[in-house]
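Below: one structure, written as structure tokens.
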Amino acid sequence: MKKRISLLFLALIACSILSYGWGFFGHKVVHQLAIYGLPKQMQGFFYKNQDYLVQQSVRPDERRSHDPEEAPRHFIDVDVYGEDAVYTMPQSWKAAAEKYPVDTLKKYGIVPWHVMVMKERLTNAFRQQNADSILFYAADLGHYIADAHVPLHTTLNYDGQLTNQKGLHSLWESKVPEMHAQGYKLQNKKAVYLADTETAIWEVVRASHKLFPGVLALELEASKAFTPETKYVTVERNGRTRQYYSDEFAKKYAALLGPTVAQRMQTSAEVVSNFWYTCWVDGGKPDLDKLMGGKIAKDEKKALKQEKKSWKKNTLFQENRVIATQKKANS
Ligand SMILES: [Zn+2]
């Protein structure tokens, strides 16, 4: 029994290590919620492909293991450029590349600029009415937007490693939401058109960075009630000892964070919806029902209606309608 528990524990840890930005669980939830926020003309097509979008929401993280270009697309260590850099950094890639060497920009992360690249590609896919490309870029774009919502994706101290708080990254974005999402209020607003997408994604980065000091401070606050033995669990793996935050500590930390993680998750879904919608409008509002050979079938329409009802009541988790947790139960 003990062995089984430790194997399960290792598997969970492996998942956390593999994920950079919201963890696999968070990304999947964000993409599912974003579909509910879409307007009618888009929703049928996106709902029909809900499983694809949810499962592929984590593809950019998986790509990191074999594509050396991938890693910097998920974050921006904006404080490298100065204390107020999050407010003074050039918003456009062209202006930023005039101010700083491209190598430096790539080293410290390019998430807001990469969101703009993906936004263009998704808009083009709509313009060309290419269903496969629409889905591919919608999944990728959503991932990078969601990553930009994570406070620790906007700082050089991305894992608390500079302040003796190593492990904070996966604690905030994986362990805390995986343990507490059942109680989150996740009712993202309906998609709105973004007249200035560049400013919109920078606003996301600014809001994330503003939360960052609290992410560190509340870890210190929570630590007051713990000893090193109760704060961490140690795991031996391949002859190496690794330390992780304990469940008890994660509970205390989550209580101190309050609704912060839930709010970032909900806002992620809103901004993903907004970008998908904006790309569709800018791409000439193609008829997506026609693209998939007609409207979704009656039973699918009924299922969507039920899901949206749960979403509006905030009972998706309770009614087992969250795809990320369904897969977990199956595996
Ligand atoms: Zn990521």
Side-chain angles (χ1 to χ4, degrees), residues 12-34 52-80 93 105-119 121-122 135-161 167-178 181 200-202 204-209 211-212 215 260-261 264-276 323-324 327:
L12 286 172
I13 286 172
C15 283
S16 300
I17 292 167
L18 282 171
S19 54
Y20 312 86
W22 275 125
F24 284 8
F25 168 77
H27 276 296
K28 288 176 180 180
V29 173
V30 166
H31 275 54
Q32 183 174 348
L33 293 173
Y52 171 91
L53 287 163
V54 169
Q55 300 310 335
Q56 297 303 315
S57 68
V58 301
R59 183 180 51 210
D61 281 340
E62 292 169 340
R63 210 183 279 139
R64 292 168 71 127
S65 62
H66 56 268
D67 183 351
E69 292 286 311
E70 187 59 41
R73 297 171 181 162
H74 301 246
F75 62 88
I76 179 164
D77 298 343
V78 73
D79 42 11
V80 159
W93 172 254
L105 292 173
K106 283 194 174 172
K107 182 174 176 190
Y108 295 110
I110 55 168
V111 67
W113 300 301
H114 195 64
V115 162
M116 295 308 291
V117 172
M118 291 294 108
K119 178 234 151 202
R121 293 198 188 158
L122 179 58
L135 292 169
F136 184 91
Y137 289 119
D140 270 28
L141 172 64
H143 179 98
Y144 300 116
I145 291 171
D147 274 1
H149 282 79
V150 177
L152 290 164
H153 276 239
T154 66
T155 172
L156 191 61
N157 191 15
Y158 53 87
D159 195 23
Q161 80 280 13
L168 198 53
H169 198 111
S170 80
L171 176 69
W172 194 97
E173 68 174 31
S174 297
K175 196 172 174 94
V176 165
E178 279 167 27
I201 193 61
W202 273 97
V204 168
V205 173
R206 285 177 204 123
S208 292
H209 198 65
L211 290 169
F212 160 66
V215 170
T260 311
V261 181
R264 286 320 270 163
M265 206 177 239
Q266 178 177 305
T267 311
S268 296
E270 279 167 13
V271 180
V272 171
S273 278
N274 292 345
F275 267 80
W276 285 348
I323 297 170
K327 296 287 168 192

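Counting starts at 1 for both ligands and their atoms, following the listed order. The figures here come from the full heavy-atom set of this structure, side chains too, leaving out hydrogens, waters and symmetry mates.
Within Asp147, the N, O or S atom lying nearest to the Zn ion (ligand 1) carries the name OD2. The nearest N/O/S atom of Asp61 to the Zn ion (ligand 1) is OD1.
Between His153 and His169, the ring planes are tilted. Angles from 30° to 60° get that label.
Checked for salt-bridge contact, Arg63 and Asp140 meet the test: a charged N lies under 4.0 Å from a carboxylate O.
At a threshold of 2.8 Å, the Zn ion (ligand 1) has a backbone or side-chain N, O or S atom of His143 nearer than that distance. Taking 2.8 Å as the threshold, His74 counts as a candidate ligand of the Zn ion (ligand 1), since one of its N, O or S atoms lies below it.
Looking at residues two or more places apart in sequence or on another chain, you find a salt bridge (charged side-chain N to carboxylate O under 4.0 Å, His left out) between Lys106 and Glu69.
With a 6.0 Å cutoff to the six-membered ring centre and a 45° limit on the axis angle, Arg121 does not count as a cation-pi contact of Phe136.
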